[in-house]
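Please read these numbers as outputs of a predicted model, since none were measured by experiment.
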Amino acid sequence: SYYYRDTFASPQYDHSFGDRWGVKAVAYYQDYDLTTFWREFLWGRQGPSSTPDDVRYAIDVFKRGRRAGGDVQFDAHLPGRHELVGGVTYEKESLSLVEDRWRDVHTGVVTRPFYIDPVDTTTWALYAQDTWKAADWATLTLGVRGDHHSVFGWHVSPRVGVTFHPGQKLVVKLLYGEAFRAPSAREFYTVDLTGDFPSGNLGLEPERIQTWEAGLTYTFSSYVQSRLVLYQEKTFDAIYSENNAPYDNHPGDTVRGVEAGVKLAWPNKVTAYANVSYTDADLYNVPKNTAHAGVNVPFGGRFNWNLNAIYVSKRPRDPKDEYYYDPTVPPFHRPDAGDYLVINTTFRIVKVWRGLELNASIYNLLDRDYFDPTFEPTKYYDLKAANRTYLVRLVYRF
């Protein structure tokens, strides 16, 4: 069972000073409580013949905290065809209660083997980017961001991009960027007294990421546009756990891939798209191939119908993924997570009455069973995704 409460507020202010200067300010506050309850069976699994006597632990899981922050951004159109964007961001996150409470249903003893003590982390950043239209057919973008983390200090991330558009039909883009990811609270602070799950590591360093990308867009006509993207991403000091040992930094991986797509648009405003991608990487639980396709059909100015499909290929397991949690079953390597095709559809009425809008969606229209792979080999079953789901939303715009 799950209990979830999320209070969120975000005011925003925008103002322009003539045609050259502008400012945008955004602030937000979030107070969240994600509480769950589950039962641990004697051998860690529940079967068709399981009874209440097979339950070993009743477990309450608490995750509570607050997050607050904001961003102030300035933009300017400068002489010489320069567009400058700069600003500052700030965020503070407070974890007030993160723990598991395990109650032995046979003895009544309550333990606290999995927890994160209350902790605050703050980050703030300065960033600036200049987009210079050097010629009618060439644009240069230079940017830099400096992040300060309360634990890891400063990290500077540059980015550069060049866009060529000789003529009306062809656009070529070349991009390079760097980024970093600080360890999550799970990876950094977690205390696990069971020894069955990865614990946190206060000696972790942030991950560093380098990305190269080359893209080509060609417009055949006002009805047909195509694109091709080649990319490579290299990660340094990758954070993950080997064999349920504490999280640690590892050499990282290089991911290469290609994406291709086409967009269609007809005079009656019907649009369609199709995208395919291929990923070349020795990563576990990551699909080699994905595909997306969809069509959007408006009916006058009030009605709209959308249909989209998503395909994900098989995802390989970690070679070390041996199922050994149940001592009554010999270890064996689980097969790859299966591929799946999911189709979704949405019907929208823009103006039901004054500012009232209706959205009716059906997700997983064909009611297919599909699963997301688990990473820990101690869990035999993958995570089952939702079957056919209906969602009706009413929106009123004042």
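Ring geometry for H82 versus W132: interplanar angle under 30°, hence parallel rather than tilted (30 to 60°). Using a 30° and 60° split on the angle between ring planes, W154 and W124 fall in the perpendicular class, above 60°. Ring pair Y240/H250 is parallel by interplanar angle, where below 30° counts as parallel and above 60° as perpendicular. Using bins of under 30°, 30° to 60° and over 60° for the plane-to-plane angle, the ring pair Y176/W212 lands in the tilted bin.
Under the 4.0 Å criterion applied to side-chain N and carboxylate O atoms, D31 and R5 are assigned as salt-bridge partners. Remark: R186 does not engage D192 in a salt bridge, criterion side-chain N to carboxylate O under 4.0 Å.
Annotation: cation-pi geometry not satisfied between R368 and Y370 (NZ/CZ under 6.0 angstrom from ring centroid, within 45° of ring axis). Judged by a 6.0 Å distance limit and a 45° cone about the ring axis, R208 is not positioned over the six-membered ring of F180.
When only modelled atom types and interatomic distance are considered, N304 and N296 share a side-chain donor-acceptor pair under 3.5 Å. Between the side chains of Q129 and R145, no donor-acceptor pair is found at a separation under 3.5 Å. Defined by atom type and a distance below 3.5 Å, a donor-acceptor pair is present between the side-chain atoms of S277 and T290.
Of the residues listed (D100, D60, D117), the one engaging R112 in a salt bridge (Lys or Arg N to Asp or Glu O under 4.0 Å) is D117, and it is the only one.
Through direct or indirect side-chain contacts shorter than 4.5 Å among Ile, Leu, Val, Met, Phe, Trp and Tyr, Y311 is connected to L341.
Taking the six-membered ring for Trp, F188 and F152 have ring centres closer than 6.0 Å.
D282 CG: 12 or fewer foreign heavy atoms inside a 6.0 Å radius.
Taking the ring-ring contact (aromatic ring centres under 6.0 Å, His included) definition, one finds that W137 meets it with nothing, sequence neighbours left out.
Distance CD/E242 to CG/D318: 6.5 Å, rounded to 0.5 Å.
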